[in-house]
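Beneath this line is the structure, given in structure tokens, with notes to follow.
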Amino acid sequence: MFDLDRWQEIFSSIRSNVLRTVLSGFTVALGLFIFIVLFGIGQGLQNAFSEGFAGDAKNLITIYTGKTTLAYKGLQSDRSVSMNNDDYDFLVNTDKEKVGAASPRYATNLMVKYGKESGLYQVHGAEPGEQVIENRNLVEGRYINSFDLARKQNVAVIGRMVQRDLIKNGGSIGKELDINGTMFKVVGVFSDDGGDRDERHITVPITTLQQMKKGSDTVNTVYIAYNDKLLNPQDAIKYGDELRDKLKARKSVSPDDENGVRVWNNAKNMNDTFVFMAVLTAIVGFIGLGTLLAGIIGISNIMVYIVKERTKEIGVRKAIGAKPAGIVALIVQESVVITVISGFVGIGVGVLTLSLIGDSLEEFFIKNPSVGWGSIFMAFIALVFSGLIAGFVPAYRASRIKPIEALRTE
């Protein structure tokens with residue numbers, strides 16, 4: 001392995017047979033390149049699908065109402081169904097142990113002013129559980145709490161974009177916003193993985209906002225993050241259906257009416273996504289492994305050709321006293337060197353290609369395509385090992401040929 005003469009002989013052989021070397025190395029480099037790009041794009045698809053669920057809690061069940069489409073219990077169709085605080089309490093307490101976090105929401109668009117700045121923003125009346133529901137991270141201060149709800153405090157938590165648009169410079173905590181003619185003190189600033197749009201929202205205690213709306217107890221939406229330590233996705237789907245059916249019965253909506261009470265269950269969406277991603281991963285894996293296998297076969301075929309081409313050379317070596325083990329070692333080592341160098345080239349070009357692609361394919365639902373170094377290393381080792389075997393088998397056969405037979409080979 002550390003024989004200097006052998007290394008000099010290997011590099012001399014490579015320099016003397018550039019075309020042969022390029023042909024044998026091209027298959028390795030191309031195999032790794034296709035493997036890396038293919039798996040990177042597959043990972044980009046997974047990233048795009050995962051980001052689709054990043055804005056809100058992954059274990060979220062959203063319940064909202066609309067207009068009925070069927071007459072039921074003497075009530076006409078096209079009837080508006082609405083929820084209130086009692087409905088929220090009913091839904092949360094139906095199976096309380098299954099609830100991880102929850103919040104009602106009353107949402108409305110209101111004019112918000114600070115100094116000379118103003119704008120129309122979506123204001124949410126909610127409970128503290130909204131922070132978990134929306135995956136919000138506090139940048140400054142705190143979120144609304146139970147004390148704010150009980151006292152109907154005029155406090156607000158604002159998104160980062162609201163802070164930038166209205167307050168601009170300096171700290172926001174303690175500043176007062178004019179929301180539809182009522183002054184609210186800012187107690188917190190949040191960021192949201194959902195992006196700028198979600199960061200242009202303002203949250204206040206739902207009790208305060210309902211009071212501003214002439215004492216209404218209306219709730220637009222109920223959010224329940226189910227206890228994912230207790231419920232698996234299938235159980236969560238069943239739980240969401242039970243909540244829908246119980247609310248329909250409570251609001252006198254036909255069980256067959258799909259519009260009066262609606263449920264959006266992330267467990268079902270995630271389950272469908274997991275199935276899709278499993279199929280996608282299997283397809284990408286099959287194609288990727290097929291590419292590696294094609295590379296391995298290519299190396300084997302080329303090495304057989306190379307050894308056959310060097311049969312006369314092997315005969316000369318044996319005639320002047322070279323041992324079969326030395327001949328095999330020389331050819332195998334040359335094969336491994338070519339495979340390693342070509343492998344590094346394939347890895348470099350593949351990683352560079354993914355880097356250049358970046359986020360340019362987001363419109364095709366491919367975001368930040370990349371491949372873990374562990375996968376690259378395993379593919380690289382597989383090809384190097386196959387290069388070793390591909391060189392060893394024909395070299396071993398050739399080393400057993402008698403010198404006189406080798407010298408007669410055309």
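Reckoned from all heavy atoms, side chains included, excluding hydrogens, waters and symmetry mates. Here the structure is a predicted model, which is why all the values come from computation and not from measurement.
- Phe380 pairs in a ring-ring contact (aromatic ring centres under 6.0 Å, His included) with only one of the listed residues (Phe344, Phe385, Phe33), which is Phe344.
- For Tyr106, the side chain to side chain donor-acceptor pair (under 3.5 Å) criterion is met by no residue, not counting sequence neighbours.
- Proximity of Lys98 to Leu230: side-chain heavy atoms (C-beta onward) are separated by under 4.5 Å at one or more points.
- Although no hydrogens or angles enter the test, the distance criterion places no donor-acceptor pair under 3.5 Å between the side chain of Asn93 and the main chain of Lys96.
- Side-chain atoms of Asp148 come within 3.5 Å of backbone atoms of Asn145 as a donor-acceptor pair (strictly under, hydrogens ignored).
- When the shell of 6.0 Å around CE of Met378 is examined, it contains 12 or fewer heavy atoms from other residues, nucleotides or ligands.
- Each of Leu243, Ile61, Ile237 was checked for a side chain to side chain contact (heavy atoms under 4.5 Å, CB included) with Val263, and the lone residue meeting it is Ile61.
- In this structure, the side chains of Val155 and Pro205 come closer than 4.5 Å at one or more pairs of heavy atoms.
- A donor-acceptor contact closer than 3.5 angstrom is absent between the side chains of Tyr223 and Glu134.
- Atom OG1 of Thr353 and atom CD1 of Ile34 lie 11.0 Å apart (nearest 0.5 Å).
- Annotation for Gly40 and Val371: closest pair N-CG2, 3.2 Å, computed over non-hydrogen atoms.
- Ile63 places a side-chain heavy atom less than 4.5 Å from the side chain of Leu247.
- Under the side chain to side chain donor-acceptor pair (under 3.5 Å) criterion, Thr69 pairs with Asp257, not counting sequence neighbours.
- Atoms CZ and CG, on Phe35 and Leu32 in that order, are 8.0 Å from each other to the nearest 0.5 Å.
- Taken from CG in Asp217 to CD1 in Ile206, the straight-line distance is 9.0 Å, to the nearest 0.5 Å.
- Arg244 and Asp241 are joined by a salt bridge, as a carboxylate oxygen and a charged side-chain nitrogen come within less than 4.0 angstrom of each other.
- Within a 6.0 Å radius of CD in Gln76, other residues, nucleotides and ligands contribute 12 heavy atoms or fewer.
- Going from atom CD1 of Ile357 over to atom OG of Ser370 covers 11.0 Å, rounded to the nearest 0.5 Å.
- Put simply, the side chain of Asn220 gets close to the backbone of Ala107: a donor and an acceptor are under 3.5 Å apart.
- Nearest heavy atom pair, residue Leu70 against residue Ser254, reads CD1-OG, 3.9 Å.
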Given side chain to side chain contact (heavy atoms under 4.5 Å, CB included), test Thr182 with Gln211 step by step and report yes or no.
-> CA-CA 11 Å; Thr182 302; Gln211 182 176 256; over 6 Å; no
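- No side-chain heavy atom of Val204 sits under 4.5 Å from any side-chain heavy atom of Met212.
- With hydrogens and angles disregarded, no donor-acceptor distance shorter than 3.5 Å links the side chain of Lys185 to the backbone of Asn154.
- Contact check for Tyr143 versus Glu130: side-chain heavy atoms found under the 4.5 Å cut-off.
- Residue Tyr64 qualifies as enclosed at atom OH: its count of foreign heavy atoms under 6.0 Å is above 12.
- Counting non-hydrogen atoms of other residues, nucleotides and ligands closer than 6.0 Å to CZ of Arg197 gives a total of 12 or fewer.
- You'll find the side chain of Ile347 stays beyond 4.5 Å of the side chain of Phe377, heavy atoms only.
- The NZ atom of Lys251 sits 8.0 Å away from the OG1 atom of Thr65 when rounded to the nearest 0.5 Å.
- Considering only heavy atoms from C-beta on, Asn84 stays 4.5 Å or farther from Phe90 through its side chain.
- Other residues, nucleotides and ligands contribute only 12 or fewer heavy atoms inside 6.0 Å of the CZ atom of Arg151.
- Applying the 6.0 Å contact sphere to CD of Glu258 captures no more than 12 heavy atoms from other residues, nucleotides or ligands.
- One finds no salt bridge joining Glu199 and Arg164 here, because no Lys/Arg side-chain nitrogen approaches an Asp/Glu carboxylate oxygen to under 4.0 Å.
- Contact detail for Asn85 and Gln210: the closest heavy-atom pair is OD1-NE2, 3.0 Å.
- When each of Leu177, Asp165, Ile179 is tested with Tyr121 by the rule side chain to side chain contact (heavy atoms under 4.5 Å, CB included), just one qualifies, namely Asp165.
- Residues that satisfy the side chain to side chain donor-acceptor pair (under 3.5 Å) test with Gln163, not counting sequence neighbours, are Glu140, Ser172.
- In plain terms, the two heavy atoms of Leu91 and Met83 that are nearest each other are CD1-SD, 4.4 Å.
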Please report the C-alpha distance between Leu166 and Ile158 in whole Å, then the side-chain angles of each, then the deciding distance to 0.1 Å, and finally whether the side chain to side chain contact (heavy atoms under 4.5 Å, CB included) criterion is met.
-> CA-CA 10 Å; Leu166 298 181; Ile158 64 175; over 6 Å; no
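- Between the side chain of Ser355 and the backbone N or O of Val351 there is no donor-acceptor pair closer than 3.5 Å.
- To the nearest 0.5 Å, the span separating CG on Asn180 from CG on Asn109 amounts to 11.0 Å.
- In this structure, the side chain of Asp192 does not engage the main chain of Gly195 through any donor-acceptor pair within 3.5 Å.
- Between Phe190 and Asp198, the shortest heavy-atom distance links the atoms CE1-O, 3.6 Å.
- Residues Asp87 and Val222 fail the side-chain proximity criterion, which asks for heavy atoms closer than 4.5 Å.
- Residues Ser191 and Arg160 approach most closely at CB-NE, 4.2 Å, considering heavy atoms.
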Going through the checks in order, is the side chain to side chain contact (heavy atoms under 4.5 Å, CB included) test met by Thr94 and Lys246?
-> CA-CA 9 Å; Thr94 294; Lys246 288 178 179 180; 3.0 Å; yes
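- Looking only at distances, no side-chain donor or acceptor of Ser103 sits under 3.5 Å from a matching main-chain atom of Ala126.
- Residue Lys67 places its NZ atom among 12 or fewer non-hydrogen atoms of other residues, nucleotides or ligands, all under 6.0 Å distant.
- No side-chain donor from either of Arg79 and Ser252 sits under 3.5 Å from a side-chain acceptor of the other.
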